Amino acid sequence: MPRLLVQKFGGTSVRDIERVNAVADRVAASVVGGDRVVVVVSAMAGETDRLEGLGFEVVARPPPREMDVLLSAGEQVSVALLSMALMERGCRARSRLALQIGIRTDGNHTKARIEHIDVEGLNADLAGGVTPVVAGFQGTAPNGDITTFGRGGSDTTAVAIAAALEADECQIYTDVEGVYTADPRIVENARRLDAVTFEEMLELASLGAKVLHSRSVEFVGKYGVPLRVMSSFDEGPGTLITTEETTMEQPLVSGLAYARDEAKLTVLGVPDVPGVASKILGPIGAASIEVDMIVQNTGADGSTDLTFTVRRADYERARETLAGIQKVLGARGIEGDDRIAKVSAVGVGMKSHAGVATRMFDALAAENINIQMISTSEIKISVVVAERYLELAVRAIHDAFGLGDAIAVEDAG
Ligand code: ADP
Ligand code: ASP
Ligand code: MG
């Protein structure tokens, strides 16, 4: 039986013409082998950053609608190049932009959600022996405007298309060999996982592991899309994201994630009366600033300090918002730090075990790393530390849970 595959290639996988040709070879091999393939491509490496930079050069706070038109341009280039390379190999390929397919989203610029994908055009391509090469990361709002899904969003295009077409597998080709116990660029002996549960992958992705866009993982849970992360540079089985409950004993911690782009703000010395948190966080929410962790400390004098974290990009706006309400709140002051980072340990095995948090805190204490904030759920523990300790913290926790491959130690004897 020929399979229907969605194959997505990220930025580094199409970073130059040599790589575009290598991707075309791989896709052509699948097609020649008898599979029907829908290809999804990101912009060439660094291109989306470059475009974003241009926007910020023109204006400090670029209008989101125009940013979407600007940022989505990178994918238009790579789909055209890859389609040409496929045609050179005898494949009947056609580049397809979101507007042409009908990738319908809400109107939430720069972080739009996919609401519907029209499958008629894609099915007509496939039925006619055409390989559609789809621009990732972009969609169309109800009013016809271009939208984008947030950085890293091409994964979501791929998984959403795989769900809509009920594909046999969605393959995310990237620059590492799968999902690892931690970012292999930070932890040298990080281990590739053969499989990871959808629940854990969703946590890892939302807590910062950028190997998959977290929205794409949501589709796996909702529609049961078989999803595999693999290398576009090497052969290998990659990592399968599973929706099955395993009966095997699960490790306490399956993997670590980190997020560098965090900031925290503290409102000092507000009278400790009902409604304070909502008076502080209400205006923050109204400014469309997402709040992550929240900690409140009440002092002996009956006043309270409230600390919360936001994305670093929202830090200045959050400070301005707080400065605007400081008087009304009767706050003694406002403090902030935009050089913090969050490290998280994730594992479904935590559900049934105590002591996981302690092991993580001990590992940080042994390295003299101060924990600024803590948050836990059934399957994760997150801590906030100073950004300068981030890499050390990740490695220390990775070691403490024995997550890595054994490193060969040379015999000193
Ligand atoms: P692409 O351009 O292919 O979408 P990304 O840069 O978005 O690639 O994602 C791949 C990167 O994710 C890897 O190069 C790696 O540094 C990073 N990464 C972070 N956490 C992990 C992890 N747990 N496993 C694998 N890669 C990870
Ligand atoms: N090109 C977009 C970005 O750099 C989308 C993606 O790569 O997934 O964020
Ligand atoms: Mg990516």
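Note that the structure is a prediction, hence the values are computed from the model and not measured.
Using a 4.5 Å cut-off on side-chain heavy atoms (C-beta onward), L126 and L165 make contact. Looking at L227 and F198, their side chains never come closer than 4.5 Å, going by heavy atoms from C-beta outward. Residues F149 and I103 are in side-chain contact: their nearest non-hydrogen atoms beyond the backbone lie under 4.5 Å apart. Put simply, the side chain of S83 does not reach to within 4.5 Å of the side chain of R96, judged on heavy atoms. Counting heavy atoms from C-beta on, the side chains of P184 and E177 never come closer than 4.5 Å. Contact of the S154 side chain with the E75 side chain is registered, since non-hydrogen atoms from C-beta on lie closer than 4.5 Å. Between S78 and V20 the shortest side-chain heavy-atom distance does not fall below 4.5 Å. When side chains are defined from C-beta on, T307 does not count as touching Q372, because their heavy atoms never get closer than 4.5 Å.
The pair R260-E391 meets the salt-bridge criterion, with a side-chain N (NZ, NE, NH1 or NH2) lying under 4.0 Å from an Asp/Glu carboxylate O. Salt bridge status for R228 with E169: present, with a side-chain N to carboxylate O gap under 4.0 Å.
In this structure, D168 contributes its side chain and L4 its backbone to a donor-acceptor pair below 3.5 Å. Distance alone, capped at 3.5 Å, places no donor-acceptor pair between the R26 side chain and the A22 backbone. No side-chain donor-acceptor contact under 3.5 Å links R104 to the backbone of D118. The backbone N or O of R113 sits less than 3.5 Å from a side-chain atom of D106, completing a donor-acceptor pair. Distance alone, capped at 3.5 Å, places no donor-acceptor pair between the D35 side chain and the V37 backbone. Using a distance-only test at 3.5 Å, with no hydrogens or angles considered, a donor-acceptor pair links the side chain of R215 to the main chain of A112. Put simply, the side chain of E200 gets close to the backbone of V348: a donor and an acceptor are under 3.5 Å apart. Between the side chain of T181 and the backbone N or O of G404, no donor-acceptor pair lies under 3.5 Å. Under a 3.5 Å cut-off, the side chain of T239 and the backbone N or O of L193 do form a donor-acceptor pair. Here the side chain of Q100 pairs a donor or acceptor atom with the backbone of L97 at under 3.5 angstrom.
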The test is side-chain hydrogen bond (donor to acceptor under 3.5 Å, both in side chains); show your working for S216 and D155 and say whether it passes.
CA-CA 6 Å; S216 72; D155 300 331; 4.8 Å; no

Assess the residue pair T148 and D68 against the criterion (side-chain hydrogen bond (donor to acceptor under 3.5 Å, both in side chains)); give the C-alpha distance rounded to whole Å, side-chain angles, the decisive distance to 0.1 Å, and a yes or no.
CA-CA 6 Å; T148 63; D68 276 348; 2.6 Å; yes

As a quick check of understanding, evaluate side-chain hydrogen bond (donor to acceptor under 3.5 Å, both in side chains) for Q7 and S30, giving each step before the final call.
CA-CA 10 Å; Q7 299 186 326; S30 297; 3.1 Å; yes

Run the side chain to side chain contact (heavy atoms under 4.5 Å, CB included) test on E387 and R312 for me, step by step, so that the C-alpha distance in whole Å, both residues' side-chain angles and the decisive distance to 0.1 Å come before the verdict.
CA-CA 12 Å; E387 189 191 0; R312 198 174 285 169; 3.3 Å; yes

Please evaluate residues E47 and R50 with respect to the criterion salt bridge (Lys or Arg N to Asp or Glu O under 4.0 Å), reporting the C-alpha separation (whole Å), side-chain torsions for both, the decisive distance (0.1 Å), and the verdict.
CA-CA 5 Å; E47 184 58 13; R50 187 184 74 87; 3.0 Å; yes

Take S95 and Q76, measure what side chain to side chain contact (heavy atoms under 4.5 Å, CB included) needs, and give me the verdict at the end.
CA-CA 8 Å; S95 58; Q76 181 161 345; over 6 Å; no

Verdict with reasoning, I241 to L212, per side chain to side chain contact (heavy atoms under 4.5 Å, CB included)
CA-CA 11 Å; I241 317 301; L212 283 176; 4.2 Å; yes

Between L322 and E335, does the side chain to side chain contact (heavy atoms under 4.5 Å, CB included) criterion hold? Intermediate values first, please.
CA-CA 10 Å; L322 293 182; E335 276 178 359; over 6 Å; no

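Between V14 and S42, the shortest heavy-atom contact is CG2-O, 3.7 Å. Shown here for A98 and G139, the closest heavy-atom pair between the two residues is CB-CA, 3.7 Å. A318 and L265 get closest at one heavy-atom pair: CB-CD1, 3.6 Å. Considering every non-hydrogen atom in both A158 and V40, the closest pair reads CA-CG2, 3.9 Å. Taking both residues in full, the closest heavy atoms of A28 and L86 are given as N-CD2, 4.0 Å, listed atom of the first, atom of the second, then distance. When every heavy atom of G129 is checked against every heavy atom of R92, the shortest pair comes out as O-CB, 3.7 Å.
By the salt bridge (charged side-chain N to carboxylate O under 4.0 Å, His left out) test, R94 is found to be paired with no residue, residues two or more places apart in sequence or in another chain being considered. When the ring pair (Phe, Tyr, Trp, His ring centres under 6.0 Å) test is applied to F219, the partners found at least two apart in sequence or on another chain are Y223. Among residues two or more places apart in sequence or in another chain, the salt bridge (charged side-chain N to carboxylate O under 4.0 Å, His left out) test is passed with R192 by D194.
The number of heavy atoms from other shown groups lying within 6.0 Å of OH (Y389) does not exceed 12. By the neighbour-count criterion of 12 heavy atoms within 6.0 Å, atom CZ of R339 is densely surrounded, having more than that number from other residues, nucleotides or ligands. The environment of E166 atom CD is sparse: at most 12 non-hydrogen atoms of other residues, nucleotides or ligands sit within 6.0 angstrom.
Of the inter-residue distances, the one linking S382 atom OG with I371 atom CD1 reads 11.5 Å to the nearest 0.5 angstrom. Within the model, atoms CD of Q326 and OG1 of T321 stand 13.0 Å from one another, a figure rounded to the nearest 0.5 Å. How far CD1 of I381 is from CD1 of I397: 9.0 Å, rounded to the nearest 0.5 Å. Within the model, atoms CD1 of I379 and CG of L252 stand 13.5 Å from one another, a figure rounded to the nearest 0.5 Å. Here H398 contributes atom NE2 and N189 contributes atom CG; the two are 5.5 Å apart, rounded to the nearest 0.5 Å. Here the OG1-NE2 distance, from T140 to H116, works out to 12.0 Å after rounding to the nearest 0.5 Å.
R185 forms no cation-pi arrangement with Y180, by the criterion of a distance under 6.0 Å to the ring centre and an angle within 45° of the ring axis.
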Show me the donor-acceptor pairs within less than 3.5 Å that the side chains of residues 289-296 make with the rest of the protein, sequence neighbours left out.
{"unit_1": "E290", "atom_1": "OE2", "unit_2": "R311", "atom_2": "NH2", "d": "3.4"}
{"unit_1": "D292", "atom_1": "OD2", "unit_2": "K342", "atom_2": "NZ", "d": "2.5"}
{"unit_1": "Q296", "atom_1": "NE2", "unit_2": "T304", "atom_2": "OG1", "d": "3.1"}

Side-chain donor-acceptor contacts of residues 51-62 below 3.5 Å, not counting sequence neighbours, with atom names and distances?
{"unit_1": "E52", "atom_1": "OE1", "unit_2": "R151", "atom_2": "NH1", "d": "3.2"}
{"unit_1": "R61", "atom_1": "NH2", "unit_2": "E320", "atom_2": "OE2", "d": "3.4"}

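Within the structure, ring pair (Phe, Tyr, Trp, His ring centres under 6.0 Å) contacts touching residues 9-34 (residues at least two apart or in different chains) are F9-Y173.
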